[in-house]
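See structure below.
Computed from a prediction, not measured in an experiment: that's the story for all the values here. In what follows, residues are counted from 1 in the order of the sequence shown.
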Amino acid sequence: MANQTVILLDVGPSMCEATRDGSPRKVDLAVKAIMLFLQRLLDSAIDKKSFKDEVALVLVGTEATSNPLATDSPGYYKNISLHQDLDIPTANLLRFLANSVTPGGVAADAVDMVCIGLDCIVRGSAGKKKLKSKTLLIFSDLSMPCNIDDQYSEIAEGLKAEEIVVKVCGPEGPEEDWCDGDVVNPIVAPEGSAEATLRSFCKDTGGVIRSLQESIRLLEMFKETETLMRPTFQGPLEIGPLAIRVASYLRQKRQAPTKFKKFSNHVLDEDPTDSTIGIVSVQSEYVTEDGDTIDKKAVKNPEEDTPEIVKGYKFGKSVVPVTDAALAETKLAEERSLKFIAFVPEAKLHQYDFVGAKIESIQPVDGDQSATALSALCNAMKERRVFMVVRMVSMKGRDPKLLALWPHIKPFASSPYSCLLGAPIPYSDDYQDLDLPDFTTISGYGPDEEQSAAMDAFVHSLDLMTAEKDEDGEAMEALQPKFCFNPSTQRVLQGIHDRALKGTLDTSSEELPKMEPKLSKAINPHLDLWPESTAEARSIGERFPLEEVASTKKGKARTSAAAGATDDAVSKRSRPQVEEQSISSILRGAAKKVGEDDPIGDYKSMVESTEEDKFDLATSQLQNLIRAWLDRPSDDALILRIQDSVGIMREKCGEACEEDNFNTFVRSLKDIMGKNSAKHEPLWMALRNAKLSLLRCDGTGDGVLPFEDDIPVVVAAAPAAKVAMEEDDLDEL
């Protein structure tokens with residue numbers, strides 16, 4: 001459904017008067033507010049298939065007169081020009097407002113202004129049935145003459161008959177909104193003045209009066225989230241014999257990024273009026289298991305010699321064909337329902353038990369009886385402090401899901417209401433066991449009481465709940481989610497508006513405008529909090545002293561077994577220092593055995609242990625595990641696992657100068673694989689391709705070097721013959 005808005009911009013003397021302090025003129029603020037309003041309309045058209053909102057622009061107080069009523073009644077409705085009749089807004093209208101609005105120098109009549117706007121909507125809405133709203137948006141300080149005479153009642157009746165809402169932006173003073181009833185302590189203007197007349201029109205039509213600064217503040221963000229309210233479920237909430245008619249809506253939903261058509265690079269050199277030039281199309285092709293391409297037309301119109309195409313799923317190395325009919329049979333034949341399972345105490349469910357971030361809002365439908373029953377249920381649940389667990393099937397054939405519902409009661413809102421909010425809770429299959437020990441379980445990493453107290457004070461000093469001040473100077477919440485727009489989306493739209501105003505496709509030498517202050521504030525730390533938390537931050541620095549530690553990676557003591565190392569080599573073996581351990585390794589905790597679930601992680605944890613030397617034990621356990629794997633049927637996953645395990649063993653043995661340990665194991669591994677070369681040939685080739693050569697340590701201790709000889713390419717004697725693993729292959733590796 002479309003919205004129709006007639007913008008009436010006053011360019012008379014009072015609006016164009018220069019200010020003494022050099023601040024922007026009223027007409028400049030009005031133009032800025034209008035441009036922000038139009039930008040928000042154009043933003044909503046970016047990712048919509050159809051855009052039907054219409055806007056008209058009328059300049060009030062111009063030297064010339066150009067409007068339909070003045071043409072029909074010469075001598076009346078003077079100094080008012082209709083720049084654009086009701087139509088879908090374009091970037092040209094933004095450019096006109098930015099560059100071509102000039103002072104008029106003449107004060108037009110306020111009643112004539114309203115009549116021109118009323119006539120514009122009457123003509124523009126003729127024959128159009130599906131209109132969401134009609135609005136007269138007036139930008140003026142209302143310092144203009146007003147010849148009301150006896151026309152007020154006639155004009156007011158015309159506005160009500162057309163269901164037009166009058167909104168005024170310009171007069172100084174507090175906001176006055178008559179949408180929800182009478183305004184408390186409205187401003188009283190002199191009777192018969194333009195301000196008094198326009199305030200009466202706003203009151204009669206349920207409009208709003210705001211100052212220009214307040215209007216700009218509300219319009220500064222380019223785009224709000226607008227979601228069509230469609231129920232995800234509509235039907236009875238069954239609680240035993242009780243059934244309450246309800247509807248479920250998504251209360252929050254992550255908005256997808258704005259979508260744009262894809263253009264190639266050469267589009268800027270082509271005709272800018274041709275919208276099809278440079279569009280990148282996405283193509284798909286159909287390929288058989290043998291790699292032969294099938295014509296797309298043949299797939300849609302299969303002939304006798306065209307193979308049948310069905311879906312396939314990877315099952316190991318095999319492809320299992322599954323038809324659509326077979327998939328349809330696996331679906332649960334569920335009817336749409338919302339059934340009560342149990343009441344659960346609040347202490348039994350926590351926010352971290354919920355799945356995803358979608359919040360369902362269960363609201364009553366079908367009149368007062370459903371609303372009364374649901375309100376009674378909500379109050380009873382709140383009094384007893386319980387959750388309700390329900391089973392929801394949103395549509396026939398959909399998978400069932402469990403929801404935890406809790407009461408949401410707003411007794412003091414402008415329109416009091418009660419509803420149930422809910423979030424999905426997981427099934428047993430959805431849980432993932434994560435072994436993440438706390439820092440306090442590892443000796444030497446737990447904070448003491450003074451450190452904990454200092455960190456607690458620092459966190460409380462950065463509390464956003466009291467970071468902002470309201471109009472009365474009272475503390476209020478900063479960065480409230482409902483008032484924080486996505487900075488990424490806002491920045492993209494800001495760039496689009498800048499290009500639209502410049503009206504050129506040549507962007508090679510143009511820079512994007514500076515980021516709006518509100519966007520910068522949303523993505524940067526709250527600057528007002530840092531001065532208040534200086535003492536707490538200094539306390540953190542005193543209780544958590546930082547010392548610069550020289551890295552020992554290149555200066556590790558190394559011993560050479562080839563040079564005749566003795567038992568002292570074990571004591572001289574370098575181990576990683578505490579400062580070189582990663583956070584993940586600290587959180588993991590020390591492993592006691594190289595297990596099959598995570599052999600590489602267990603091996604690294606034991607080798608890097610600083611409490612005792614577990615290198616020999618860990619290496620022996622990993623070697624035994626690899627030998628056990630060789631007895632299993634060989635597949636790609638097992639080969640990759642053995643390759644990674646041998647690689648990490650080679651790395652750690654090289655760091656510890658334990659080349660004999662590694663080389664002896666590789667030779668024994670080669671002997672085992674040589675007994676069944678047909679089975680283990682893929683593994684042997686994988687180890688060769690990974691260049692897991694034997695180790696040697698040089699005498700200088702600068703590191704571990706592989707053999708200098710390159711790995712030779714093994715050529716088969718005949719196409720059908722397999723390459724046998726010879727003794728020399730190991731030495732070449």
Worksheet item: Could you go step by step and tell me if Ser428 and Asp430 meet the side-chain contact (heavy atoms from CB on, under 4.5 Å) rule?
Response: CA-CA 5 Å; Ser428 175; Asp430 300 325; over 6 Å; no
Sorted by chain and residue number, the side-chain hydrogen bond (donor to acceptor under 3.5 Å, both in side chains) partners of Ser461 (sequence neighbours excluded) come out as none
| message | Test side-chain contact (heavy atoms from CB on, under 4.5 Å) on Val168 and Arg210; report intermediate values, then the result. | response | CA-CA 6 Å; Val168 180; Arg210 293 191 180 97; over 6 Å; no
Any side-chain heavy-atom pair of Leu403 and Ile425 under 4.5 Å = no
message = So for atom CD, which belongs to Glu477, do other residues, nucleotides or ligands contribute more than 12 heavy atoms lying within a distance under 6.0 Å?
response = yes
query: Can Leu374 and Ser418 be said to form a side-chain contact (heavy atoms from CB on, under 4.5 Å), step by step?
result: CA-CA 7 Å; Leu374 189 64; Ser418 300; over 6 Å; no
Validation row: Leu242, Leu377 side chains within 4.5 angstrom (heavy atoms): no
Taken in chain and number order and not counting sequence neighbours, the residues that satisfy ring-ring contact (aromatic ring centres under 6.0 Å, His included) with Tyr249 are none
So, do Ser215 and Phe37 sit near enough that their side-chain heavy atoms are less than 4.5 Å apart? no
Taken to the nearest 0.5 Å, the spacing of Gln451 CD from Met455 CE works out to 8.5 Å
### Message
For the CZ atom on Arg245, are there more than 12 heavy atoms of other groups (residues, nucleotides or ligands in this structure) within a distance under 6.0 Å?
### Response
yes
- Task: Go through the steps for Leu638 and Arg632 under the test side-chain contact (heavy atoms from CB on, under 4.5 Å), then give the verdict.
- Result: CA-CA 9 Å; Leu638 184 63; Arg632 299 181 182 179; 4.1 Å; yes
For Glu468, the side-chain hydrogen bond (donor to acceptor under 3.5 Å, both in side chains) test, sequence neighbours excluded, returns Lys521, His526
With a 4.5 Å heavy-atom cut-off, do Met392 and Pro424 have their side chains touching?
no
Would you be so kind as to tabulate the donor-acceptor pairs closer than 3.5 Å made by side chains of residues 535-546, with sequence neighbours excluded?
from	atom 1	to	atom 2	distance (Å)
Ser539	OG	Arg543	NH1	2.7

Would you say Glu608's side chain and Ser605's backbone share a donor-acceptor pair under 3.5 angstrom? no
Correct closest heavy-atom pair for Cys202 and Val208 would be SG-O, 4.0 Å
With Glu334 as partner, the option from Lys401, Lys396, Arg391 fulfilling salt bridge (Lys or Arg N to Asp or Glu O under 4.0 Å) is Arg391
Among side-chain atoms of Glu335 and Ser337, is any donor-acceptor pair under 3.5 angstrom?
-> no
- Message: Whether the Glu360 and Thr232 side chains hold a donor-acceptor pair (N or O, under 3.5 Å, no angle test) is what I'd like checked.
- Response: yes
Contacts of Glu346 meeting salt bridge (charged side-chain N to carboxylate O under 4.0 Å, His left out) (sequence neighbours excluded), chain-then-number -> Arg385
Exercise for the section: Measure the shortest side-chain to side-chain distance between Leu405 and Ile362 over non-hydrogen atoms and say whether it is less than 4.5 angstrom. Expected result: yes
Arg336 meets the salt bridge (charged side-chain N to carboxylate O under 4.0 Å, His left out) criterion, sequence neighbours left out, with none
Rounding to 0.5 Å, atoms SG (Cys169) and CG (Leu212) come to a distance of 7.0 Å
*Report, as yes or no, whether the 6.0 Å neighbourhood of atom CD on Glu596 holds more than 12 heavy atoms from other residues, nucleotides or ligands.*
yes
Between Ile409 and Asn379, is any pair of side-chain heavy atoms under 4.5 Å apart?
-> yes
Worksheet entry | is_close_aromatic(Trp406, Phe354), centroid dist under 6.0 Å | yes
